[in-house]
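Step one of this worksheet: look at the structure below.
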Amino acid sequence: MDKHELQTAVEELHQRYKGLTDGQVATYIPELGNADPEGFGISIVSAEGQVFEHGDPSRPFTSQSISKPFTFGMALEEFGHAKVATHVGVEPSGDAFNSIELQNGTNRPFNPMINSGAITVTALLHARYGEEAFDQLLDRLSAAAGRALSVDEAVFESEQRTGHRNRAIAHLLLNFGLVHDEAERALNMYFRQCAILVTCHDLAMIGATLANMGQNPLTGAHVFDIGCVKHMLAIMFTCGMYDYSGEWAYRVGVPAKSGVSGGVLAVVNRQVGIATYSPRLDPRGNSARGIEVCVQLAARFGLHAFDCLNFGSSYLKLAL
Ligand code: DON
């Protein structure tokens with residue numbers, strides 16, 4: 001049988017970019033500095049559950065910021081948009097993921113993908129469910145991945161010990177009444193969610209669950225509310241790659257989220273989840289190889305939201 005075009009593509013892109021050594025492995029969380037800089041995986045899972053992958057699809061790494069859209073989705077499900085919107089906006093900040101700033105006028109974090117917004121969202125969940133909120137997140141991500149995920153305790157402790165900038169952000173949020181006296185415990189949950197271990201394969205499966213309207217294509221589990229999936233993808237589209245989000249939307253054109261340990265998760269709505277892992281980061285904290293692989297996949301398969309192959313609303317197509 002002929003090799004599938006997507007399998008050929010992931011193998012070719014792996015071969016093409018394994019020699020790219022631009023960027024640096026993150027060390028500001030000391031434990032992340034132990035990552036093998038050569039680790040490199042590419043996985044694609046379709047909304048029907050077909051898998052195409054190459055390199056190191058099974059090498060574990062911590063999710064870091066890739067956990068942020070999922071806590072945001074859970075908060076939307078739990079509290080609804082109106083309440084969540086009183087705590088965090090949906091505007092790209094144009095600033096770094098760890099910037100210490102709030103939106104002028106509203107004094108809310110710009111969006112839930114940067115640290116200040118993500119800590120606020122986690123604090124909302126923590127205020128309602130206490131320590132159980134973390135287990136709920138882990139259960140959701142496990143259901144999306146289709147296997148039980150766990151936490152890298154060494155990475156968690158490493159960030160808990162050294163995350164003074166996030167601690168400063170949490171105290172700024174405390175000052176503006178966005179988090180309350182649970183700040184320190186919510187911050188611990190935030191560090192713990194960032195330390196959830198995934199593989200490239202898991203991430204692509206999680207992406208396929210989003211692409212498949214919140215339902216894991218292999219297990220059939222309904223993991224995320226379909227209405228919230230739309231908003232998770234929208235915020236990933238506008239804010240998921242931090243101060244590279246505009247250029248990403250321009251060059252790749254699909255919702256995505258990066259993490260400082262080297263993962264990138266991209267979603268082609270109703271079609272595929274794409275994940276890459278390579279820990280060398282560009283100056284904005286995005287995986288250097290991951291970006292190039294996604295640019296090439298988008299160009300080759302017409303993934304961009306505004307590619308001429310995408311014809312818009314199928315509803316309107318019937319109506320017109
Ligand atoms: O809060 C932090 O700094 C990390 N735990 C997560 C940041 C992150 O992943 C940014 N991503 N590119």
Side-chain angles (χ1 to χ4, degrees), residues 22-35 61-72 88 92-101 109-123 126 134 137 141 151-173 179 183-184 186-198 203 206 235-236 238-245 247-248 252 255-266 275-291 294:
D22 292 357
Q24 303 292 332
V25 174
T27 52
Y28 77 97
I29 299 171
E31 193 67 23
L32 294 185
N34 297 331
F61 56 94
T62 53
S63 61
Q64 298 300 334
S65 289
I66 299 173
S67 61
K68 291 171 179 173
F70 301 98
T71 45
F72 178 59
V88 63
S93 70
D95 289 317
F97 66 88
N98 58 3
S99 65
I100 303 184
E101 63 177 352
F110 277 86
N111 67 68
M113 300 298 101
I114 53 173
N115 291 4
S116 55
I119 293 168
T120 302
V121 165
T122 293
H126 191 276
F134 177 77
L137 170 66
L141 286 177
V151 169
D152 186 325
E153 292 295 337
V155 172
F156 165 68
E157 280 161 26
S158 184
E159 187 166 23
Q160 192 189 38
R161 200 173 58 246
T162 57
H164 306 304
R165 194 175 172 99
N166 281 328
R167 206 159 271 118
I169 289 172
H171 282 262
L172 179 72
L173 299 169
V179 305
E184 195 60 35
L187 197 59
N188 276 337
M189 171 164 159
Y190 170 76
F191 292 148
R192 192 167 271 282
Q193 78 187 52
C194 289
I196 293 174
L197 278 167
V198 288
L203 272 189
I206 292 170
I235 204 77
M236 288 165 70
T238 54
C239 308
M241 302 298 280
Y242 307 115
D243 40 339
Y244 189 73
S245 296
E247 201 155 331
W248 175 274
V252 186
K257 186 75 207 79
S258 63
V260 83
S261 58
V264 175
L265 166 65
T276 61
Y277 170 68
S278 169
R280 287 200 194 88
L281 308 179
D282 68 14
R284 279 131 159 172
N286 297 320
S287 169
R289 285 176 182 161
I291 286 183
C294 291

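In each ligand, atom 1 is the first atom listed, and ligand 1 is the first ligand listed. Counting begins at 1 with the first residue of the sequence.
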protein heavy-atom neighbour closest to atom 5 (N) of ligand 1 works out as Gln64 OE1, 2.6 Å
N/O of Ser65 under 3.5 Å from N/O of ligand 1, yes or no? yes
Given Ser116, which partner from the list Val121, Val88, Ile169 fulfils the side chain to side chain contact (heavy atoms under 4.5 Å, CB included) test? Ile169
Return yes when atom CD of Glu153 has more than 12 non-hydrogen atoms of other residues, nucleotides or ligands closer than 6.0 Å, and no otherwise. yes
Closest approach of any protein heavy atom to atom 3 (O) of ligand 1, naming residue and atom: Tyr28 OH, 2.5 Å
Would you say Arg284 and ligand 1 have an N/O pair spaced under 3.5 Å apart? no
Tell me, please: is Asn166 in heavy-atom contact with ligand 1, that is, under 4.0 Å? yes
Tell me whether Phe191 reaches ligand 1 (any heavy atom closer than 4.0 angstrom to a ligand atom). no
Numbering as shown, the atoms of ligand 1 that approach Gly259 to under 4.0 Å (heavy-atom distance): 9 (O), 11 (N), 12 (N)
Ion pair Arg192/Glu157, N-O distance below 4.0 Å: no
With heavy-atom distances below 4.0 Å as the criterion, list the atoms of ligand 1 near Glu159. 1 (O), 2 (C), 3 (O), 4 (C), 5 (N)
Flag side-chain contact, heavy atom, 4.5 Å: Val264 against Ile291: no
Provide, to 0.1 Å, the distance between atom 12 (N) of ligand 1 and the closest protein heavy atom, together with that atom's residue and name. Gly285 O, 2.9 Å
Pairs of nitrogen or oxygen atoms closer than 3.5 Å, one from Cys194 and one from ligand 1: do any exist? no
Modelled atom types, side-chain donor and acceptor of Tyr242 and Ser65, under 3.5 Å: yes
Within the structure provided, determine whether Leu32 and Thr27 are in side-chain contact (heavy-atom separation under 4.5 Å). no
Taking the side chain as every heavy atom from C-beta outward, state whether Asn111 and Phe72 have any atom pair closer than 4.5 Å. no
Shortest protein contact, atom 1 (O) of ligand 1 (heavy atom only): Tyr190 OH, 2.6 Å
